[in-house]
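Everything below concerns the one structure shown next.
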Amino acid sequence: MMLLLTLPGSGGVWEEGKHAENGQKWRSLEHKGPLFPPEYEPLPSSVSFLYNGTPVILRPATEEVATFYAKMLDHEFTTKEVFQNNFFTDWKEVMTETERQLISDLSQCDFSNIHKYFVEKTEEKRNMTKEEKQVLKEEANKLTEEYGYCLLDGHREKIGNFRVEPPGLFRGRGEHPKMGKLKKRVQPEDVIINCSKDVKIPEPPPGHRWKKVQHDNTVTWLASWVENIHGHIKYIMLNPSSKLKGEKDWQKYETARKLKLSVDSIRSEYQSAWTSCEMKQRQYGVALYFIDKLALRAGNEKDDDTADTVGCCSLRVEHINLHRHLDSLDYVVEFDFLGKDSIRYYNKVPVEKQVYKNLKLFMNSKNPDDDLFDRISTTYLNKKLNEAMPGLTAKVFRTFNASTTLQEQLNQLTTGQCTWVSWPILAYNRANRAVAILCNHQRAAPKTFEKSMQLLQEKIKKKQEEVEKAKKELKQAKKEHKQLPSEVLVQKMEKTVKRLLEQLKKLQLLETDRNENKVIALGTSKLNYLDPRISVAWCKKNNVPVEKIYNKTQRAKFAWAIDMADENFQF
DNA sequence: CAGATGACTTGAGCATAATGGG
DNA sequence: CCCATTATGCTCAAGTCATCTG
């Protein structure tokens with residue numbers, strides 16, 4: 001599917017991107033290849049690894065893997081059995097025969113000297129003088145300047161990740177069965193370079209050669225290699241600020257906006273599927289209902305060697321509980337499962353009676369670990385969706401519902417007598433938060449949360465006292481000047497009270513804002529789900545500088561939207 | 001047509017830089 | 001101005017979905 005994206009009157013660079021017929025992503029591509037991490041530097045001889053209490057000298061390759069473990073010593077996951085076993089198995093594979101003979105028990109390994117050495121090293125680095133830090137910074141800038149950019153169709157574009165990932169110990173999210181495995185060092189011989197034919201081919205590091213150099217302009221990556229933990233391909237790609245990525249992003253939101261036109265008919269279609277005589281259709285109807293109503297992810301099947309997480313289509317019977325009545329509500333579904341990144345999804349949702357009845361039916365005579373939607377797959381779901389509207393897939397609903405929610409919330413919070421109107425940024429955050437909650441974007445509560453809340457509360461108390469004091473003084477002054485109520489002093493005091501009250505109100509709103517934000521992450525939805533044109537238009541309409549909403553990076557990513565959206569844009 | 005592969009988006013957490021209050 | 005707190009950028013894992021393959 002190719003959307004032809006044109007915007008009347010906008011002119012400029014964003015209309016150029018029309019060459020994507022037959023899947024061509026670029027005409028010319030030139031870059032310097034990825035930057036490799038520095039070679040391993042052996043430990044000074046004074047830092048020793050102990051086995052059974054006695055120092056053992058390891059060959060550099062073995063020692064390097066030992067340092068990976070040593071560096072992680074104060075992380076909780078090094079205490080996990082899976083982590084230790086995976087590490088030890090992979091470490092032994094790196095050892096020489098002699099080393100392997102000796103080191104047969106991880107619990108006899110003492111990495112504490114190595115750990116201490118690295119702690120000291122970070123400390124040293126922290127204590128470097130400003131000048132030394134400056135030198136380091138300049139060196140880093142030089143590398144970014146050299147490797148961080150490429151030339152795509154004649155435009156200099158920022159690369160997203162120009163560094164090859166360094167070796168280390170794999171730490172997946174959640175209870176990952178492969179945690180602790182050795183993530184091997186990537187060599188130039190593992191790397192495929194993608195660039196145009198007529199251009200200077202990047203030099204491999206001295207003494208090395210590339211795995212392959214190809215010239216495929218139907219893909220957007222500059223380099224790739226296969227990672228050894230799962231055998232997945234890793235890519236070097238462009239930064240979100242690039243034209244290539246920007247146009248793709250724009251297209252994504254245009255697809256979501258197109259859903260607006262057919263969402264009513266799609267909704268009534270899946271609702272009628274709830275009473276279909278075919279079980280498969282009923283499952284389709286209920287699954288899509290969840291995706292639409294709750295913004296669940298599609299839920300593809302996963303490999304066994306990954307953490308046990310689910311999305312909509314992979315929900316199992318054990319992940320929901322049905323309540324005929326709950327908290328004065330009827331037909332409540334209680335969801336409790338681990339989603340992407342092993343983030344818990346917990347929600348109690350009242351549903352239509354027919355949905356409830358169907359869920360009972362789907363669960364009938366199944367085991368807890370059986371699939372809830374056993375007759376459908378994400379492939380089937382997406383095939384049906386694509387028939388309903390070209391380009392429509394499950395994830396479009398997330399974008400659609402997120403952006404629609406933002407638009408509605410902004411319209412609501414910034415009109416009328418609502419208290420948020422006076423502080424539009426807080427209103428915006430609140431709208432953003434409604435979306436983040438919908439999408440279940442969570443974060444760990446900040447370490448200093450309680451402390452900073454306490455501080456804020458003290459501030460509020462102080463301000464309250466100030467208000468009281470000012471009010472009293474005003475009263476007193478009024479009394480004293482009863483015969484002269486228009487006295488300048490009284491007016492001034494009235495102003496002070498008013499100002500203090502405003503400040504108090506703002507602090508209290510800030511407190512609400514912080515509290516509501518404790519475990520909610522706004523960044524992900526802002527970056528991936530909210531049509532930036534909604535925000536840009538809102539800024540213009542409310543005279544809020546766009547810088548208050550988007551920082552420099554975000555403005556670069558959303559340059560296309562800032563460029564084209566006027567204040568009348570509606571999602 | 002199921003399963004594998006490939007390309008690309010989405011995601012949380014962490015290191016570092018920037019900021020602002022004492 | 002300095003230190004602590006917050007904001008930003010980076011990292012790399014983990015999803016989605018289209019296409020390939022046998």
Side-chain angles (χ1 to χ4, degrees), chain A residues 1 23 25 37 75 122 125-126 130 133 136-137 140 144 148 158-166 168 170-174 176 178-179 183 192 194 216 218-221 224 226-227 229-241 244-245 248-249 251-252 291 296-303 306-307 309-314 338-343 377-383 385-386 391-399 402 436 439-444 446-449 451-452 455-456 459 514 519-529 550-554 556-557:
Chain A
M1 178 224 40
K25 306 289 168 58
H75 275 283
T122 22
K125 212 177 156 191
R126 199 193 356 258
K130 254 184 195 157
K133 280 182 182 167
L136 244 58
K137 202 175 160 186
T144 307
K158 212 170 168 180
I159 299 171
N161 56 325
F162 57 88
R163 287 167 203 275
V164 169
E165 292 174 16
F170 175 80
R171 175 62 176 108
R173 318 268 162 86
H176 198 116
K178 295 205 168 188
M179 65 169 85
K183 193 171 127 171
I192 300 176
N194 195 42
D216 181 356
T218 68
V219 295
T220 65
W221 52 268
S224 74
V226 175
E227 148 274 331
I229 302 289
H230 295 99
H232 291 159
I233 311 171
K234 296 266 183 167
Y235 302 95
I236 303 286
M237 284 189 193
L238 292 185
N239 188 276
S241 63
L244 194 72
K245 294 281 189 190
K248 198 77 190 300
D249 209 34
Q251 184 182 310
K252 175 181 82 185
I291 284 170
L296 298 191
R297 297 187 185 83
N300 288 303
E301 276 185 66
K302 293 185 63 181
D303 288 341
T306 60
T309 63
V310 296
C312 185
C313 291
S314 47
L338 297 183
K340 182 177 176 180
D341 294 324
S342 294
I343 297 293
S377 65
T378 53
T379 311
Y380 175 73
L381 190 81
N382 281 334
K383 219 185 96 208
L385 290 175
N386 197 254
L392 186 60
T393 62
K395 86 184 182 86
V396 177
F397 280 87
R398 250 168 104 80
T399 314
C439 294
N440 200 229
H441 289 142
Q442 297 192 24
R443 61 166 181 178
K447 281 189 198 93
T448 53
F449 184 82
K451 216 174 103 196
S452 77
L455 236 59
L456 189 59
K459 252 184 171 174
R514 291 248 188 104
V519 291
I520 306 294
L522 301 184
T524 302
S525 50
K526 201 173 187 178
L527 238 46
N528 299 303
Y529 289 105
Y550 291 137
N551 66 35
K552 203 173 127 216
T553 331
Q554 293 164 340
K557 167 165 179 170

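FYI, side chains are in, hydrogens and waters are out, and symmetry mates aren't considered; it's all heavy atoms of this structure. In what follows, every chain begins at residue 1, and chains take the letters A, B, ... in the order their sequences are listed.
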Please check the phosphate of [N] (OP1 and OP2 only) for any side-chain N or O of [X] closer than 4.0 Å.
| X | N | result |
| --- | --- | --- |
| A:N551 | C:dA7 | no |
| A:T393 | C:dC17 | yes |
| A:Y529 | B:dG11 | yes |
| A:K25 | B:dC8 | yes |

Quiz item: Does the distance from a Lys or Arg side-chain N to an Asp or Glu carboxylate O, for A:K183 and A:E165, drop under 4.0 Å?
Solution: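 Salt bridge flag = yes for A:E165 with A:K183.
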Self-check item: Closest contact, heavy atoms only, A:L381 versus A:A394
Solution: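 In this case the closest contact between A:L381 and A:A394 is CD2-CB, 4.1 Å.
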Measure the distance from [atom1] on [X] to [atom2] on [N] and round it to the nearest whole Å.
| X | N | atom1 | atom2 | answer |
| --- | --- | --- | --- | --- |
| A:M237 | B:dT9 | CE | P | 7 Å |
| A:R126 | B:dA17 | CZ | P | 13 Å |
| A:K395 | B:dT9 | NZ | C1' | 6 Å |
| A:K252 | C:dA18 | NZ | P | 15 Å |
| A:H232 | B:dA7 | NE2 | P | 13 Å |

Exercise. Could you work out which one of C:dC17, B:dA7, C:dG15 sits closest to the side chain of A:V219?
Key: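 Nearest listed nucleotide: B:dA7.
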Exercise. Can you figure out which of C:dG15, B:dG6, B:dC8 approaches the side chain of A:I233 most closely?
Key: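 Nearest to the side-chain atoms of A:I233, counting from C-beta on, is B:dG6.
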Practice problem: Tell me what A:I343 touches on the nucleic acid: a base, only sugar-phosphate, or nothing, going by heavy atoms under 4.0 Å. | Solution: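 Sugar-phosphate, backbone atoms only, no base.
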Quiz item: Given that A:L392 and A:K552 both sit by DNA chain C, which one's nearest nucleotide is further toward the 5' end?
Solution: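 Result of the comparison: A:K552.
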Quiz item: Roughly how far, to the nearest 0.5 Å, is the NE2 atom of A:H441 from the CG atom of A:L522?
Solution: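 Spacing of CG (A:L522) from NE2 (A:H441) equals 10.5 Å.
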All N/O pairs under 3.5 Å across the protein-nucleotides 10-14 of chain C interface:
unit_1 : atom_1 : unit_2 : atom_2 : d
C:dA13 : OP1    : A:K183 : NZ     : 3.1
C:dA13 : OP2    : A:K234 : NZ     : 2.6
C:dA13 : O4'    : A:R173 : NH2    : 3.3
C:dA14 : OP1    : A:R173 : N      : 2.7
C:dA14 : OP1    : A:H176 : ND1    : 3.3
C:dA14 : O4'    : A:D341 : OD1    : 3.4

Self-check item: Steps toward side chain to side chain contact (heavy atoms under 4.5 Å, CB included) verdict (A:K557, A:D249)
Solution: CA-CA 9 Å; A:K557 167 165 179 170; A:D249 209 34; 3.7 Å; yes
